Amino acid sequence: MKTSTAARLSLRTVALGYLVLLIGVPIVLILWRTFGEGAGAFLASIRTPAAISALNLSLLIVAITVPLNVVFGVSTALALVRGRFRGRGLIQAVVDLPFAVSPIVVGVSLILLWGSSGWFGGIENNLGIRVIFGLPGMVIATIFVTLPFVVREVEPVLHEIGTEQEQAASTLGASSAQTFWRITLPAIRWGLTYGVVLTIARALGEFGAVIMVSSGFPGVSQTLTLLVHSRYIDDHNTYGAYAAATLLMALAVLTLLLMTLLDRKRSTT
């Protein structure tokens, strides 16, 4: 269907106005509030012990979450694409569950499972390992909400490449491990990389599930998102909240730029 020039311009104007209103204006407002007092005030706000600790904790959670999701995601994608077994549809639904379930519900479920009076409360009561209100609980919550990204990025690539090269390698005597490292992994590298970038972005910005399983104490279990919430709601430190939000936004922008560069490189190869 052909559309007139006026119609195309109208659609573009509406789309651009929608994006500016919902994304551009809030971002400009945050940046204006953050740097209105100068770059020195911003740097001082993000160099506090609480801010540095929150940044380090966020990066630590990302560093733990991403490798685990890569192993799980690639294994699950291979099982779903290459395997034929009962319960395959159920696994597909479970993988997509984090898209449908509210992160708050995830946090409550983790408390019921891993809390001191939960099903697995013996880990804390008997071994002294605190899951809820500690780093393990925050990692588990983040893993759950980021679980689908690697699977859903790798799965279509596996469908696209087929099994011919893998079967040829097996015919020539290659083991399963050799076939994976030399044939399958290079073929899915861009889908895997894209899934990793999405996982990083989601893990950095997670709030709902993490706040339910975190004590929120500065320097102990407070991520960047929780620092923004604490400064704005609890401490009434509006400027500090804007500064922390700007730092978090800068990390997100860097992640999106990396995603764009990878997408362009993938399209040219």
Side-chain angles (χ1 to χ4, degrees), residues 22-23 26-27 30 46 50-73 76 94-115 130-153 192-234 240-259:
L22 290 184
I23 300 176
I27 289 177
I30 291 175
I46 64 173
I52 294 174
S53 175
L55 175 61
N56 291 336
L57 181 59
S58 294
L59 295 178
L60 176 60
I61 291 176
V62 169
I64 298 174
T65 299
V66 170
L68 294 176
N69 268 346
V70 165
V71 174
F72 170 82
T76 304
V94 170
V95 169
D96 289 331
L97 192 62
F99 289 138
V101 177
S102 169
I104 298 293
V105 176
V106 174
V108 173
S109 301
L110 292 178
I111 292 175
L112 294 176
L113 287 174
W114 296 96
R130 172 170 289 189
V131 177
I132 301 301
F133 306 131
L135 177 62
M138 300 170 73
V139 170
I140 294 173
T142 306
I143 289 174
F144 184 89
V145 299
T146 59
L147 181 145
F149 294 110
V150 172
V151 180
R152 292 310 179 212
E153 290 297 328
L192 177 59
T193 304
Y194 205 66
V196 167
V197 173
L198 290 174
T199 301
I200 293 173
R202 185 69 175 87
L204 284 173
E206 176 52 34
F207 175 77
V210 170
I211 195 173
M212 295 299 297
V213 297
S214 167
S215 65
F217 294 143
V220 179
S221 60
Q222 188 179 71
T223 62
L224 272 178
T225 53
L226 300 185
L227 177 65
V228 175
H229 176 267
S230 175
R231 284 182 171 181
Y232 194 85
I233 301 298
D234 301 329
Y242 282 128
T246 300
L247 176 60
L248 184 61
M249 184 169 56
L251 294 175
V253 169
L254 289 175
T255 304
L256 291 176
L257 289 176
L258 177 61
M259 185 188 306

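Position 1 is the first residue of the sequence, and the numbers go up from there. Everything numeric in this text was worked out from a predicted model, so none of it was measured.
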Answer yes or no: is there a side-chain heavy-atom contact under 4.5 Å between Leu97 and Phe144? yes

Under the side-chain contact (heavy atoms from CB on, under 4.5 Å) criterion, do Leu135 and Ile61 qualify, and how do the steps go? CA-CA 8 Å; Leu135 177 62; Ile61 291 176; 3.9 Å; yes

Nearest heavy-atom contact between Arg231 and Gly240 is NH1-O, 2.8 Å

How long is the straight-line distance from CG of Leu204 back to CG of Leu59, given to the nearest 0.5 Å? 6.5 Å

Test side-chain contact (heavy atoms from CB on, under 4.5 Å) applied to Phe149 and Arg202, step by step: CA-CA 9 Å; Phe149 294 110; Arg202 185 69 175 87; 3.6 Å; yes

Could you list the donor-acceptor pairs under 3.5 angstrom formed between side-chain atoms of residues 99-114 and any protein atom two or more places apart in sequence or on another chain?
residue : atom : partner : partner atom : Å
Ser102  : OG   : Ile104  : N            : 3.3
Ser109  : OG   : Val105  : O            : 2.9

Find out whether Met138 and Leu57 are in side-chain contact, i.e. whether some heavy atom of one side chain is under 4.5 Å from a heavy atom of the other. yes

Which residues share a side-chain hydrogen bond (donor to acceptor under 3.5 Å, both in side chains) with Thr223, sequence neighbours left out: Thr225

If I compare all heavy atoms of Gly137 with all of Val213, which pair ends up nearest, and what's the gap? O-CG2, 3.6 Å

Pick one: which of Thr65, Thr199, Val95 meets side chain to side chain contact (heavy atoms under 4.5 Å, CB included) with Leu147? Val95

Which atom of Thr142 lies closest to which atom of Ala203, heavy atoms considered: CG2-CB, 3.5 Å

How long is the span from the OG1 atom in Thr193 to the CD atom in Glu153, to the nearest 0.5 Å? 10.5 Å

Worked verdict on Gln222 versus Ser53 for side-chain contact (heavy atoms from CB on, under 4.5 Å): CA-CA 8 Å; Gln222 188 179 71; Ser53 175; over 6 Å; no

Distance, nearest 0.5 Å, that separates CG of Leu248 from OG of Ser58: 7.0 Å

Are Val228 and Leu224 close enough that some pair of their side-chain heavy atoms sits under 4.5 Å apart? no

With side chains defined as the heavy atoms from C-beta onward, is the minimum distance between Ile132 and Met212 less than 4.5 Å? no

Contacts of type side-chain hydrogen bond (donor to acceptor under 3.5 Å, both in side chains), residue Thr146, not counting sequence neighbours: Asn69

Is a side-chain donor or acceptor of Ser221 paired with a backbone partner of Ser214 at a separation under 3.5 angstrom? no

Interatomic distance, Ile143 atom CD1 to Ile64 atom CD1 [nearest 0.5 angstrom]: 8.0 Å

So Tyr232 and Tyr242, would you call those rings parallel, tilted or perpendicular, with 30° and 60° as cut-offs? perpendicular

Is there a side-chain contact between Val151 and Phe72 in this structure, where contact means two heavy atoms from C-beta onward sitting under 4.5 Å apart? yes

